[in-house]
Structure formats: C-alpha cells, structure tokens
Amino acid sequence: MFLTELYESVQQRLDVMARVVSAGDDRAVTAVARSEVPHLIEAVRTLMAEHEPNELGECPACSRTLRRWRKPWRRPRAPCKVYLSARRALFDEADEPRHALRRPP
C-alpha cells in the first residue's frame, strides 16, 4: 500500500507541474519554475548519482558484468539505460537505432 501511495504522490506532483507549464499563464509558469525546477534538478542528480559509471565505465546499478565470476576487462554490453533516458529527455533526442547499416528514411 505504501509503495502505491508513494508512486501516486510523485505522479500527481509531476502531473500538476505539467498542467501548469502547458496551460498556465506566465505568472503561474514562472512561479512553478522558480519553486519546482530546483527540486526536479536535485531529483535527477540524485538518480544519476546512483548510476554514475565506475572506473571501468560501467553502471554499478545496471551492469551485470560486475559479478565476481565475470571477466573484469569485458566491456559492458550497453550503456546505462538511466543515463540514456536522461540524455534523450534533456536534449530532446529521438529514440533512434544507432546501427551503422540502418537504411535512411
């Protein structure tokens, strides 16, 4: 029950901010930006700190290569999904395949 309430409270707060930013007047948007953006930045930084790459360039939270029985010199299979998601959201990048042989549209 607690986890559901936690999830819903965060989602509701984000929904309120999104509504004000998309439909509010300039004064409301400015007020929300000044009061809420610092909290959003701190939340993102806290999440990113948990996924910061170690000395091998791997995310300790996501990487499966950190198990002791694996070879320590093996490269991670993929970049941290949290960092990829943050980059795409912050830079408004499309979620496109990165394969060198992809066909142009």
Side-chain angles (χ1 to χ4, degrees):
M1 187 69 154
F2 172 74
L3 293 177
T4 302
E5 292 171 3
L6 177 68
Y7 174 79
E8 288 175 358
S9 68
V10 170
Q11 292 299 321
Q12 288 173 356
R13 183 75 174 249
L14 292 172
D15 290 343
V16 167
M17 285 187 281
R19 274 195 305 273
V20 170
V21 168
S22 65
D25 62 5
D26 289 346
R27 290 182 69 183
V29 172
T30 301
V32 166
R34 286 194 176 133
S35 66
E36 300 299 332
V37 169
H39 299 295
L40 290 172
I41 291 169
E42 187 59 31
V44 171
R45 284 187 174 155
T46 300
L47 288 171
M48 303 310 286
E50 294 175 11
H51 293 268
E52 194 156 318
N54 62 14
E55 63 277 353
L56 298 174
E58 298 172 332
C59 171
C62 297
S63 179
R64 296 180 184 163
T65 61
L66 296 179
R67 296 180 185 159
R68 293 178 188 257
W69 55 271
R70 300 257 186 183
K71 296 177 181 176
W73 59 84
R74 191 171 74 83
R75 300 282 304 167
R77 292 183 181 194
C80 172
K81 291 181 181 181
V82 172
Y83 264 87
L84 285 175
S85 296
R87 167 135 184 140
R88 288 182 181 133
L90 288 171
F91 294 97
D92 197 24
E93 295 176 342
D95 188 15
E96 298 177 6
R98 297 180 300 148
H99 193 277
L101 298 177
R102 73 172 188 231
R103 294 181 183 165

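All values derive from a computational prediction rather than experimental measurement.
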Heavy-atom pair with the smallest gap, counting every atom of C59 and H51: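 The pair with the smallest heavy-atom distance is SG-ND1, 3.2 Å.
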
Exercise: identify the closest heavy-atom pair between P60 and N54: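 In terms of heavy atoms, the two residues are closest at CD-N, 4.4 Å.
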
Measure the spacing between [atom1] of [X] and [atom2] of [Y] and express it to the nearest 0.5 Å.
| X | Y | atom1 | atom2 | answer |
| --- | --- | --- | --- | --- |
| R19 | L14 | CZ | CG | 11.0 Å |
| L40 | E42 | CG | CD | 11.0 Å |
| Q12 | Y7 | CD | OH | 11.0 Å |
| M48 | C80 | CE | SG | 6.5 Å |

Atom CG of D26: over 12 foreign heavy atoms under 6.0 Å: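 No, not enclosed.
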
pair T30-R27: side-chain heavy atoms closer than 4.5 Å: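 Contact flag for T30/R27 side chains = no.
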
Contacts of V37 that satisfy side-chain contact (heavy atoms from CB on, under 4.5 Å) - sequence neighbours left out: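 Here the qualifying residues are A33, I41.
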
Residues forming a side-chain contact (heavy atoms from CB on, under 4.5 Å) with V32, sequence neighbours excluded: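 Per chain and number, V32 pairs via side-chain contact (heavy atoms from CB on, under 4.5 Å) with M17, V20, V21, E36.
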
S9 side chain vs L6 backbone, donor-acceptor pair below 3.5 Å: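 It does hold such a pair.
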
